[in-house]
Amino acid sequence: MSSEKKLLNDSGIEIKPVYTIADVPQGNIPQPGDFPYTRGVQSTMYRGRLWTMRQYAGFSTAEESNKRYHYLLSQGVSGLSVAFDLPTQIGYDSDHVLAEGEVGKVGVAIDSLEDMERLFDGIKLEDVSTSMTINATGFILLAFYVALAKKQGADLTKLNGTIQNDILKEYAARGTYIYPPQPSMRIITDIFEWCSKEVPKWNTISISGYHIREAGSTAVQEIAFTLSNGKAYVEAALKKGLDIDVFGKRLSFFFNAHNNLFEEVAKFRAARKMWATIMKGLGATDEKAMMLRFHTQTGGSTLTAQQPLNNISRVTIQTLAAVMGGTQSLHTNGYDEALSLPTEEAAKIALRTQQLVAYESGVPDTADPLAGSYYVEALTAEVENAAWALIEKIDAMGGSVAAIEQGFIQDEIAASAYEYQKNIEKGDKIIVGVNKFQTAETSNPPSFKIDDSIGKIQSAKLADLKNRRDNNKVRDSLDKLTNAAKGNENLLPTVVEAVENYCSLGEISDALRSVFGEYK
């Protein structure tokens, strides 16, 4: 027999040339809907209800984004997903010196409740599910959303959506943090507590592996670091005396889908099993509190600027991986996103990709269609074992917060990213159109860029609001918030009152900066 070269996937797991029943872990594979939910969180999965088809959108001003939301709703999306610009994400108003050149660029600029009113003009919040990708200022955006719902006369117990609100991965992989870890964790547990009473259907956190993967982690690291972060949030909430069976039901996750179809399916299956095991170990008894529910976005870092139409095929493979892996909600990237914000045409093709898989492929017809495959079952076990080994290392350091403070998670991601890039440059990892099958680029897809004048438009709106609002109420609200931050009462009621008095996002963030300081 020829001594064949070992084949490793990106997580370093050796892939055999052929799998047999001997490779499948012994023991019963549970049914879909049964603990530990390896095969899915519902017994019939998509026969009962398809995943939520979201399109992530937000750019320029609230008015411009509102037009895109109405367009997407008319095309059949079943949930909105809001992208915010960098100043909004790190607690600066559009007129702040550090916001210059960034307003409305990578998402929509939201400075006040008035902007939120414009963003959802003509959209009843009771009727849509809204996901907001926002972390350090997630509590302020939630307050804007709740205040707007109240103005619309909505029943808050029917509000449905998610704030990302996952600060630990910001320190580890992404960088849009404001406050140090301890006060940030306090804000998160305040959100858990307040939402369980006021907006019980709201997902209070979307624990995110997406950005960990975008920063260069492997599939195994993505779930290990994400579940470890999840565990840290649960432990912080338990320390505060919250009921795991109540807040546990409102935790959701956000994962990436890359091109290795079987590794991705195995990753999703392993993550569900692991989270159920973690939650049970932490004392959860309610089934719903043990279920890992997740949103998926196709891999931004997998898209190439070279031969951009190839990205349609990449996104299709990733869509299949997410659906065969049992996602609850999905955003598909536009083929032009390595070049610019997605054009309306690219966003439509991305949505149609999901609709084709849903209605023409037959993939949703049965729950967990790859179960029982020798390869997929063996790979699920391999991914799970490798991820547990990493979690045990993190636990030995004292958990995620300690591992981040020591730089362990950041270093592991950086090493994987370096290895991956090295393999591309050596030609061991083939990226079609990049290091193999290159052609001279002839076509330039239309690109979608945001004008720098948006900063001036937003600043003018904010100045106008500050002239019209009751500034005595604003001062009182901010003083009240500063005092609340110095004590240990729940901050959310004070923040909601502040936004209802038209305090701006930057003013609220600054009031808390004055007490908590900033993470350096």
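Values in this document were obtained by computation on a predicted structure and should not be read as measured data.
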query = Does a donor on one side chain sit under 3.5 Å from an acceptor on the other, for Q307 and N310?
reply = yes
ask   = Ignoring hydrogens and geometry, is there a side-chain-to-backbone donor-acceptor pair from D155 to T157 under 3.5 Å?
value = yes
inquiry  = Could you tell me if the side chain of M291 sits less than 4.5 Å from the side chain of F35, heavy atoms only?
reply    = no
Atom pair CG/CZ of L292 and F268 - distance to nearest 0.5 Å = 10.5 Å
inquiry  = Centre-to-centre under 6.0 Å for F253 and W275, is that the case here?
reply    = yes
query = How close do A224 and I391 get, heavy atom to heavy atom, and via which atoms?
reply = O-CG1, 3.6 Å
task = Before giving the answer on side chain to side chain contact (heavy atoms under 4.5 Å, CB included), spell out for L491 and I191 the whole-Å C-alpha distance, their side-chain angles and the decisive distance to 0.1 Å.
result = CA-CA 8 Å; L491 294 173; I191 292 168; over 6 Å; no
ask   = Are the side chain of T44 and the backbone of R47 linked by a donor-acceptor contact shorter than 3.5 Å?
value = no
query = Just wondering, do I431 and T304 contact through their side chains at under 4.5 Å, heavy atoms?
reply = yes
request  = Measure across P364 and A358 and return the closest heavy-atom pair with its distance rounded to 0.1 Å.
outcome  = CG-O, 3.6 Å
ask   = Between the main-chain N or O of P369 and the side-chain N or O of T366, is there a donor-acceptor pair closer than 3.5 Å?
value = no
query = Does any non-hydrogen side-chain atom of W202 lie less than 4.5 Å from one of N160?
reply = no
message = Using 0.5 Å steps for rounding, measure from the CE atom of M397 to the CZ atom of F408.
response = 4.0 Å
query = Do you know which two heavy atoms are closest between K240 and T189, and how far apart they sit?
reply = CD-OG1, 3.5 Å
inquiry  = Measuring only between side-chain heavy atoms, which start at C-beta, is V128 closer than 4.5 Å to I123?
reply    = yes
ask   = Is the Y375 to F262 ring centre distance short of 6.0 Å?
value = yes
Worked check of side-chain hydrogen bond (donor to acceptor under 3.5 Å, both in side chains) between T298 and N333 = CA-CA 6 Å; T298 57; N333 290 330; 3.2 Å; yes
ask   = N311 and L303: which non-hydrogen atoms are nearest, and at how many Å?
value = OD1-CA, 3.5 Å
ask   = Using 4.0 Å as the upper bound for N to carboxylate O, is an ion pair formed by R118 and D121?
value = no
request  = Consider only side-chain N and O atoms of S329 and R54, and report whether a donor and an acceptor are under 3.5 Å apart.
outcome  = yes
message = Suppose we screen for salt bridge (Lys or Arg N to Asp or Glu O under 4.0 Å). Which residues come up paired with K288, at least two apart in sequence or across chains?
response = none
key: Minimum side-chain heavy-atom gap T296-H331 below 4.5 Å   = no
message = Give me each pair satisfying salt bridge (Lys or Arg N to Asp or Glu O under 4.0 Å) with a member in residues 246-255, each pair once, sequence neighbours excluded.
response = K249-D286
query = About how many Å separate CZ of F192 and CG of N490, when rounded to the nearest 0.5 Å?
reply = 12.0 Å
ask   = Is there a donor-acceptor pair closer than 3.5 Å between any side-chain N or O of N135 and the backbone N or O of N165?
value = yes
query = Within the distance-only criterion (no hydrogens, no angle test), does the side chain of E392 pair as donor or acceptor with the backbone N or O of A389 below 3.5 angstrom?
reply = no
Salt bridge (Lys or Arg N to Asp or Glu O under 4.0 Å) partners of residues 19-37, not counting sequence neighbours, each pair once = K16-D23
message = Walk me through whether T327 and Y46 qualify under side chain to side chain contact (heavy atoms under 4.5 Å, CB included).
response = CA-CA 10 Å; T327 194; Y46 305 125; 3.9 Å; yes
ask   = Are the ring centres of F139 and W194 closer than 6.0 Å?
value = no
note = On a heavy-atom basis, the closest approach of S11 and A219 is OG-N, 3.4 Å
query = Between atom CD1 of I167 and atom OG of S208, what is the distance when rounded to the nearest 0.5 Å?
reply = 11.5 Å
query = Just by distance, do the side chain of S184 and the backbone of Y179 share a donor-acceptor pair under 3.5 Å?
reply = yes
ask   = Is the closest side-chain donor-acceptor distance between Q354 and T332 under 3.5 Å?
value = yes
query = Rounded to the nearest 0.5 Å, how far does CG of N66 lie from CD of E117?
reply = 12.5 Å
query = Got more than 12 heavy atoms from elsewhere within 6.0 Å of CZ, R352?
reply = yes
note = Shortest non-hydrogen pair, F120 vs V82, comes out as CZ-CG2, 4.1 Å
ask   = Which salt bridge (Lys or Arg N to Asp or Glu O under 4.0 Å) pairs, counting each pair once, include a residue from residues 221-237, with sequence neighbours left out?
value = R213-E222, E222-K267, K231-D395
message = Using a 6.0 Å cut-off, check whether atom OH of Y71 has over 12 heavy atoms from anything other than its own residue.
response = yes
query = Taking the side chain from E14 and the backbone from K6, do they hold a donor-acceptor pair closer than 3.5 Å?
reply = no
note = With sequence neighbours left out, the residues meeting side chain to side chain donor-acceptor pair (under 3.5 Å) with Y233 are D166
remark   = The residue among E384, R272, M274 that forms side chain to side chain contact (heavy atoms under 4.5 Å, CB included) with I223 is M274
query = Mind checking whether R68 and E344 have side chains closer than 4.5 Å, heavy atoms only?
reply = yes
ask   = Tell me the salt bridge (Lys or Arg N to Asp or Glu O under 4.0 Å) pairs involving residues 353-370, sequence neighbours left out?
value = R39-D368, R269-D368
request  = Assess the side chains of Q221 and S416: does a donor N or O sit below 3.5 Å from an acceptor N or O?
outcome  = yes
task = Walk me through it: do Q318 and T302 pass the test side-chain hydrogen bond (donor to acceptor under 3.5 Å, both in side chains)?
result = CA-CA 10 Å; Q318 294 163 12; T302 68; 2.9 Å; yes
task = Look only at the side chain of T137 and the backbone of T88, and say whether a donor-acceptor pair between them is shorter than 3.5 Å.
result = yes
task = Decide whether Q328 and R49 meet the rule of one side-chain donor and one side-chain acceptor closer than 3.5 Å.
result = no
request  = State yes or no: are the ring centers of F255 and Y210 separated by less than 6.0 Å?
outcome  = no
key: Separation between CD of Q355 and CG of L50, rounded to the nearest 0.5 Å   = 10.5 Å
ask   = So do N229 and I212 actually touch side chain to side chain, heavy atoms under 4.5 Å?
value = yes
key: Evaluation steps, side chain to side chain contact (heavy atoms under 4.5 Å, CB included), between N203 and I163   = CA-CA 7 Å; N203 296 319; I163 38 172; over 6 Å; no
Short side-chain to backbone donor-acceptor contact, T162 and T204, under 3.5 Å = no
ask   = Can you check whether G334's main-chain N or O pairs, donor with acceptor, with E337's side chain at less than 3.5 Å?
value = yes
key: side chain to side chain contact (heavy atoms under 4.5 Å, CB included) assessment of L168 paired with I404   = CA-CA 8 Å; L168 291 177; I404 287 164; 3.9 Å; yes
key: Pairwise side-chain contact, I394 with S400, heavy-atom cut-off 4.5 Å (strictly under)   = yes
